[in-house]
A.B. asks: 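There's a structure below that I have some questions on.
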Amino acid sequence: MKLLKIENSSISGEVPISGAKNSALPLISLTILAKNRVTISNMPNVADINTMLKLLKLLGSEFEFENNILNIDTSKISSTTATYDIVKTMRASILVLGPLLARFGECRVSLPGGCAIGLRPVDLHLKALQKMGAKITIENGYIHAVCNKLQGTEIIFDKITVTGTENIIMASVLAKGETKILNAAKEPEIVQLCNTLKNSGVKIEGIGTSSLTIEGRDDLLEIEPLSVIPDRIEAGTYLCAGAIANSKLTIKNIILSDIENIVSKLKDMNFDFKIEPNKITILPTDTIKPINIVTSEHPGFPTDMQAQFMAVATQADGVSTIEERLFENRFMHVAELQRMGADIRISGKVATIYGKNRLIGADVMATDLRASSALVLAGIIAKGETKIHRIYHLFRGYENLIKKLEKIGVKLTLCDEE
C-alpha cells in the first residue's frame, strides 16, 4: 500500500491534460461491435483503463497498449461473461453489457456491487434492455441477459444516467429498426461516443441533446482510428490547484467548451484567465471570493468537481455552500479536510464552508477518486506535511500524477505505508 506525502509548495508552470478515462471506457466497450482492429490514441494509462482492458482480454480480445495508443481486436471474443473479480473493482465494467448482448444475443455480467460515493443502481439499464426485448434474470449475483435480436423502441429514462445512456446507445447499434432515447445524458464523453458511431456509418440524430435517435443495422462496425478527448475533470482539478495556491498555472491540451462550467465558477471566485488556442492559464487574484455550487447533470456543474472546489473554498474570504444533488455519500472528504483544520459543516445535502482558515498538514484517508484529489490540493497549501493514505484511488483517473505535480513545483514523496 502506497502513501503520498505532500509539503507546502509554491506552484507554477504548465500541465498537459491526458485523455478522458470516462470517454475512453465506453469507446473500449464499443470495440466489441467492431469487425476491424481499432486504433485509439490519447488513451490514458490509468488503472481504470487497464482494468477494462483486462476484462476485454478475459473475454477473448487481443490488444497492444503502448505510448497512449491502443490497438484492439475483439473479433476473437469467445466468452460473454464479465466476472465479479473484474467488475467489483470498477463499476464502469457494466458498459460491456449492451454491446455483448447486441452482438452475441446472450451475456452474463456481474452486478457491480457497492460504491463508496453512494448507490448507482443499474436498474435503468436493465429496464431499457427489457423494453428492447431482452429477457433479464439475476442469478447468483450476475445479470443474465438473452435476446436473439434486440428491437428498436422508445426508451425514456426516469433519471438521467450516463452509463445507462451509453449502454443503450451501444445496444441500439445492432437492434432491429429505430431506437429513440429520451432524457439521455449529454456529457462530452457521450457526444464522442455518438460521433464515433456516426463516423462509423451509424445513422444517429440528436447528438449533444437529451433526445437521441439511432437506426439499427445488421452488420458490425468499421471503426476508423480515433483519439480520446481531453479529460475535463483532470483539467478542472489542475485549475483548482492554481486557484487554491493562488498561482499562475497553465493547462494545455483542452477543449475549452467542455470546461466552461468549471471556468465560470472560478471566475465567480474572482479569478481571471488568459485563453489561447488549446490552452488556458489561471491568474492569481487579490481576493478569493466565496462560491455557491449546486451539482447537476451536464451542462450543469459536475459532481466530479465539487470536492476540489470545496478545498479551494476553504481559502475564500467568506462563506461558501455546495449542494450535492447526484450522490448521497459524496461528502466523505469533509471529515478529512476537517482533520486539516477546515471549517466545514454539513446539513443534509448541503456543505457550508467557512473560508480563510489556515490548513495544517495531517494524516488523511482518500475515500474515492475525486475526494483524493481534493486532499492533494489541500496538501499543497497546508502548513507542514500532509500524508494521504489509500492513494491508489488517485491512480484510477489521473495519468502521470506524480510527474505532473512535481513538474509544477509540488513537493511530494510516494512511499510505502509506514
A.B. asks: Do you see a donor-acceptor pair shorter than 3.5 Å between the side chains of Glu399 and Asn68?
C.D. replies: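 Checked: Glu399/Asn68 side chains pair up, N/O donor to acceptor below 3.5 Å.
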A.B. asks: Mind checking whether Met170 and Leu95 have side chains closer than 4.5 Å, heavy atoms only?
C.D. replies: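 Yes, their side chains come closer than 4.5 Å.
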A.B. asks: Quick one: do Glu323 and Arg325 make a salt bridge, cutoff under 4.0 Å?
C.D. replies: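 A salt bridge is present here (some side-chain N lies under 4.0 Å from a carboxylate O).
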A.B. asks: Do Glu187 and Arg232 make a side-chain contact, defined as non-hydrogen atoms from C-beta onward lying under 4.5 Å apart?
C.D. replies: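 Result yes, sub-4.5 Å side-chain heavy-atom pair found.
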A.B. asks: List the residues meeting ring-ring contact (aromatic ring centres under 6.0 Å, His included) with Phe157, not counting sequence neighbours, and say none if there are none.
C.D. replies: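 With sequence neighbours excluded, Phe157 shows a ring-ring contact (aromatic ring centres under 6.0 Å, His included) to no residue whatsoever.
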A.B. asks: Could you tell me whether Arg345 and Asp343 have a side-chain N and a carboxylate O separated by less than 4.0 Å?
C.D. replies: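 Result for this pair is yes, salt bridge flagged.
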A.B. asks: So do Asn167 and Pro99 actually touch side chain to side chain, heavy atoms under 4.5 Å?
C.D. replies: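 Side chain of Pro99 against side chain of Asn167, heavy atoms only: contact under 4.5 Å found.
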A.B. asks: Any donor-acceptor pair under 3.5 Å linking the side-chain atoms of Thr295 with those of Gln306?
C.D. replies: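 Gln306 vs Thr295: no donor-acceptor pair found between side chains.
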A.B. asks: Please confirm whether the backbone N or O of Asn357 pairs with a side-chain atom of Gln315, one donor and one acceptor, at under 3.5 Å?
C.D. replies: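 The answer is yes, because a donor-acceptor pair under 3.5 Å joins these two groups.
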A.B. asks: Passes side-chain contact (heavy atoms from CB on, under 4.5 Å), Met90 versus Leu55? Steps please.
C.D. replies: CA-CA 10 Å; Met90 185 184 67; Leu55 172 55; over 6 Å; no
A.B. asks: Is it true that atom CG of Asn140 has more than 12 heavy atoms of other residues, nucleotides or ligands lying nearer than 6.0 Å?
C.D. replies: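 Not more than 12 within 6.0 Å, no.
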A.B. asks: Asp218: which residues meet the salt bridge (Lys or Arg N to Asp or Glu O under 4.0 Å) condition with it, sequence neighbours left out?
C.D. replies: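 With neighbours one apart ignored, the set is Lys149.
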A.B. asks: If the threshold is 4.0 Å, N to carboxylate O, is there a salt bridge linking Lys407 and Glu14?
C.D. replies: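 Answer for the salt bridge query: no.
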A.B. asks: So, the side chain of Asp73 versus the backbone of Ser75: is there a donor-acceptor pair under 3.5 Å, distance only?
C.D. replies: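 Present.
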A.B. asks: In the structure I gave you, are the side-chain heavy atoms of Arg37 and Asn71 within less than 4.5 Å of one another anywhere?
C.D. replies: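 When only atoms from C-beta onward are counted, Asn71 and Arg37 do touch, with a gap below 4.5 Å.
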A.B. asks: Within a 6.0 Å radius of atom CD on Glu276, are there more than 12 heavy atoms belonging to other residues, nucleotides or ligands?
C.D. replies: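 More than 12 within 6.0 Å, yes.
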A.B. asks: Just wondering, do Lys404 and Glu234 contact through their side chains at under 4.5 Å, heavy atoms?
C.D. replies: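 Glu234 vs Lys404: side chains touch.
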A.B. asks: Does some side-chain heavy atom of Ile282 sit less than 4.5 Å from a side-chain heavy atom of Tyr238?
C.D. replies: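 No. Closest side-chain heavy atoms not under 4.5 Å.
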A.B. asks: Is the side chain of Thr209 donor-acceptor paired with the backbone N or O of Ser211 at a distance under 3.5 Å, no angle test?
C.D. replies: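 Yes: the side chain of Thr209 pairs with the backbone of Ser211.
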A.B. asks: Counting only heavy atoms not in Lys131, do more than 12 sit closer than 6.0 Å to its NZ atom?
C.D. replies: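 Result for NZ/Lys131: enclosed.
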A.B. asks: Measuring from Ile94:CD1 to Leu126:CG, what's the distance to the nearest 0.5 Å?
C.D. replies: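 One finds 7.0 Å between CD1 of Ile94 and CG of Leu126.
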A.B. asks: Regarding Thr83 and Asp85, is there a side-chain donor-to-acceptor distance under 3.5 Å anywhere?
C.D. replies: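 No, no side-chain donor-acceptor contact under 3.5 Å.
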A.B. asks: Quick check: do Gln308 and Leu239 have side-chain heavy atoms less than 4.5 Å from each other?
C.D. replies: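 When only atoms from C-beta onward are counted, Leu239 and Gln308 do not touch, as no gap falls below 4.5 Å.
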A.B. asks: Would Met340 and Thr314 satisfy side-chain contact (heavy atoms from CB on, under 4.5 Å), going step by step from the backbone distance to the final call?
C.D. replies: CA-CA 11 Å; Met340 299 177 72; Thr314 65; over 6 Å; no
A.B. asks: Among side-chain atoms of Thr153 and Gln151, is any donor-acceptor pair under 3.5 angstrom?
C.D. replies: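 No pair is found: no donor N or O on one side chain lies under 3.5 Å from an acceptor on the other.
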A.B. asks: Distance from Phe301 atom CZ to Ile262 atom CD1, nearest 0.5 Å?
C.D. replies: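 Answer rounded to 0.5 Å: 6.5 Å.
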A.B. asks: Between Ser29 (side chain only) and Leu25 (backbone N and O only), is there a donor and an acceptor less than 3.5 Å apart?
C.D. replies: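 Such a contact is found between Ser29 side chain and Leu25 backbone.
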A.B. asks: One pair to check against side chain to side chain donor-acceptor pair (under 3.5 Å): Ser210 and Asn183. What are the steps and the verdict?
C.D. replies: CA-CA 5 Å; Ser210 60; Asn183 202 27; 5.9 Å; no
A.B. asks: Can a donor-acceptor pair be found between the side chains of Asn45 and Asn50 at a distance below 3.5 Å?
C.D. replies: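 Present: a donor and an acceptor within the cut-off.
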A.B. asks: Who are the ring-ring contact (aromatic ring centres under 6.0 Å, His included) partners of Tyr398, not counting sequence neighbours?
C.D. replies: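 Tyr398: no ring-ring contact (aromatic ring centres under 6.0 Å, His included) contacts found.
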A.B. asks: Please say whether more than 12 non-hydrogen atoms of neighbouring residues, nucleotides or ligands are located less than 6.0 Å from CD in Gln130.
C.D. replies: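 Counting neighbours around CD of Gln130, more than 12 heavy atoms of other residues, nucleotides or ligands fall under 6.0 Å, so yes.
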A.B. asks: Can you confirm whether Arg390 is buried at CZ, in the sense that more than 12 heavy atoms of other residues, nucleotides or ligands lie under 6.0 Å from that atom?
C.D. replies: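 No, because the 6.0 Å sphere around CZ of Arg390 holds 12 heavy atoms or fewer from other groups.
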A.B. asks: Within a strict 4.5 Å, meaning less than it, do heavy atoms of the Phe273 and Leu256 side chains meet?
C.D. replies: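 Counting from C-beta outward, Phe273 and Leu256 never come under 4.5 Å.
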A.B. asks: Test your reading of the model: is there a side-chain donor-acceptor pair from Ser320 to the backbone of Ile291, 3.5 Å cut-off?
C.D. replies: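 Yes, the answer is positive, given that a donor and an acceptor are paired below the 3.5 Å cut-off.
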